[in-house]
J.: 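Mind looking over this structure? Questions follow.
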Amino acid sequence: QLQASGGGVVQAGDSLRLSCVASGRTFSRLVMGWFRQAPGKEREFVATISWGGKVKHYDASVKGRFTTSRDNAENTAYLQMNSLKPEDTAVYYCAADDNAVSGAISTGADRYEFWGQGTLVTVSS
């Protein structure tokens with residue numbers, strides 16, 4: 001089970017940190033991903049992080065502004081979002097891949113077996 005939180009309404013240029021707490025699985029063996037879905041648009045990849053947190057990958061639209069991290073002792077993944085833009089407005093989902101070979105990260109949503117409920121981020125201009 002994944003529980004995402006931290007969304008809210010902010011102004012352009014502000015920051016938010018999303019959290020995703022996992023339970024029921026060995027968190028240190030979950031590749032974690034972040035995805036988002038804006039109104040009327042398809043779900044899209046945002047970021048992913050490997051088991052130990054050393055390997056990360058970001059979509060080009062957020063690279064340099066967003067940072068993903070994890071605390072395996074706390075079973076929690078994070079998405080720090082800085083310099084937010086109105087186009088970042090979306091429901092953000094955390095997801096977990098429990099079958100990653102050697103902890104390989106993935107940008108494909110179909111690789112992730114478990115999904116959180118989503119948290120809404122609204123960025124006003």
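Bear in mind that the values here come from a model prediction, so they are computed numbers and not experimental data. This chain uses plain numbering: 1 for the first residue, then up along the sequence.
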J.: Apply side chain to side chain contact (heavy atoms under 4.5 Å, CB included) to Val31 and Thr48, showing your working.
T.: CA-CA 7 Å; Val31 169; Thr48 182; 3.6 Å; yes
J.: Just by distance, do the side chain of Arg70 and the backbone of Gly52 share a donor-acceptor pair under 3.5 Å?
T.: no
J.: So, the side chain of Thr122 versus the backbone of Val9: is there a donor-acceptor pair under 3.5 Å, distance only?
T.: no
J.: Looking at Trp34 and Ala77, what are the two nearest heavy atoms and their distance?
T.: CZ2-O, 3.8 Å
J.: Check for a donor-acceptor pair, side chain of Ser102 on one end and backbone N or O of Ala104 on the other, with a separation under 3.5 Å.
T.: no
J.: Atom CG of Asp14 and atom NZ of Lys85: how far apart are they, to the nearest 0.5 Å?
T.: 14.5 Å
J.: Any idea which heavy atoms bring Ala22 and Leu2 closest together, and the distance?
T.: CB-CD2, 3.5 Å
J.: Spell out, as yes or no, whether a donor-acceptor pair under 3.5 Å connects the side chain of Asn72 to the backbone of Trp51.
T.: yes
J.: Return yes when atom CD of Gln1 has more than 12 non-hydrogen atoms of other residues, nucleotides or ligands closer than 6.0 Å, and no otherwise.
T.: no
J.: Treating Thr76 as the side-chain partner and Asp71 as the backbone partner, does any N or O pair qualify as donor plus acceptor under 3.5 Å?
T.: no
J.: Could you check whether any side-chain heavy atom of Gln117 comes within less than 4.5 Å of a side-chain heavy atom of Gln3, counting everything from C-beta outward?
T.: yes
J.: If you measure from NE2 on His57 to CD1 on Ile49, what distance do you get to the nearest 0.5 Å?
T.: 13.5 Å
J.: How close do Leu120 and Ala90 get, counting heavy atoms only, and between which atoms?
T.: CD1-O, 3.6 Å
J.: If I compare all heavy atoms of Asp59 with all of Ser61, which pair ends up nearest, and what's the gap?
T.: OD2-OG, 2.5 Å
J.: For the side chain of Thr68 and the backbone of Ala47, is there at least one donor-acceptor N/O pair under 3.5 Å apart?
T.: no
J.: Does the side chain to side chain contact (heavy atoms under 4.5 Å, CB included) test come out yes or no for Phe114 and Arg25, once each step is laid out?
T.: CA-CA 10 Å; Phe114 307 102; Arg25 299 281 168 174; 3.1 Å; yes
J.: Do Met32 and Val21 sit in the same hydrophobic cluster, where Ile, Leu, Val, Met, Phe, Trp and Tyr count as joined when their side-chain heavy atoms come under 4.5 Å apart?
T.: no
J.: Is a donor on one side and an acceptor on the other found under 3.5 Å between the side chain of Ser124 and the backbone of Val10?
T.: yes
J.: Does a sphere of radius 6.0 Å around CD in Gln11 hold more than 12 heavy atoms from other residues, nucleotides or ligands, not counting ones at 6.0 Å or beyond?
T.: no
J.: Keeping the roles fixed (side chain from Gln80, backbone from Thr67), state whether a donor-acceptor pair exists under 3.5 Å.
T.: no
J.: Taking it one step at a time, do Arg36 and Tyr92 satisfy side chain to side chain donor-acceptor pair (under 3.5 Å)?
T.: CA-CA 4 Å; Arg36 66 186 180 186; Tyr92 283 73; 2.9 Å; yes
J.: Taking the side chain as every heavy atom from C-beta outward, state whether Arg65 and Asp88 have any atom pair closer than 4.5 Å.
T.: yes
J.: To the closest 0.5 Å, what do you measure between OH (Tyr78) and SG (Cys94)?
T.: 12.0 Å
J.: Shared ILVMFWY cluster between Leu79 and Val55, side chains joined below 4.5 angstrom?
T.: no
J.: Can you name the nearest heavy-atom pair linking Ser106 to Phe45, along with the distance?
T.: O-CE1, 4.0 Å
J.: Is it possible for you to say whether Leu18 and Val46 belong to one hydrophobic cluster, with membership spreading through side-chain heavy-atom contacts below 4.5 Å?
T.: yes
J.: With clusters defined by side-chain heavy atoms of hydrophobic residues (ILVMFWY) lying less than 4.5 Å apart, directly or transitively, does Val123 cluster with Leu16?
T.: yes
J.: Can you name the closest pair of heavy atoms from Gly103 and Ser50 and give their distance?
T.: O-CB, 3.7 Å
J.: How long is the gap from OG on Ser15 to CG on Leu84, to the nearest 0.5 Å?
T.: 6.5 Å
J.: Parallel, tilted or perpendicular: which fits the ring planes of Tyr112 and Phe35, with parallel below 30° and perpendicular above 60°?
T.: perpendicular
J.: Applying a strict under-4.5 Å side-chain criterion to I, L, V, M, F, W and Y, I'd like to know whether Ile105 and Trp115 cluster together.
T.: yes
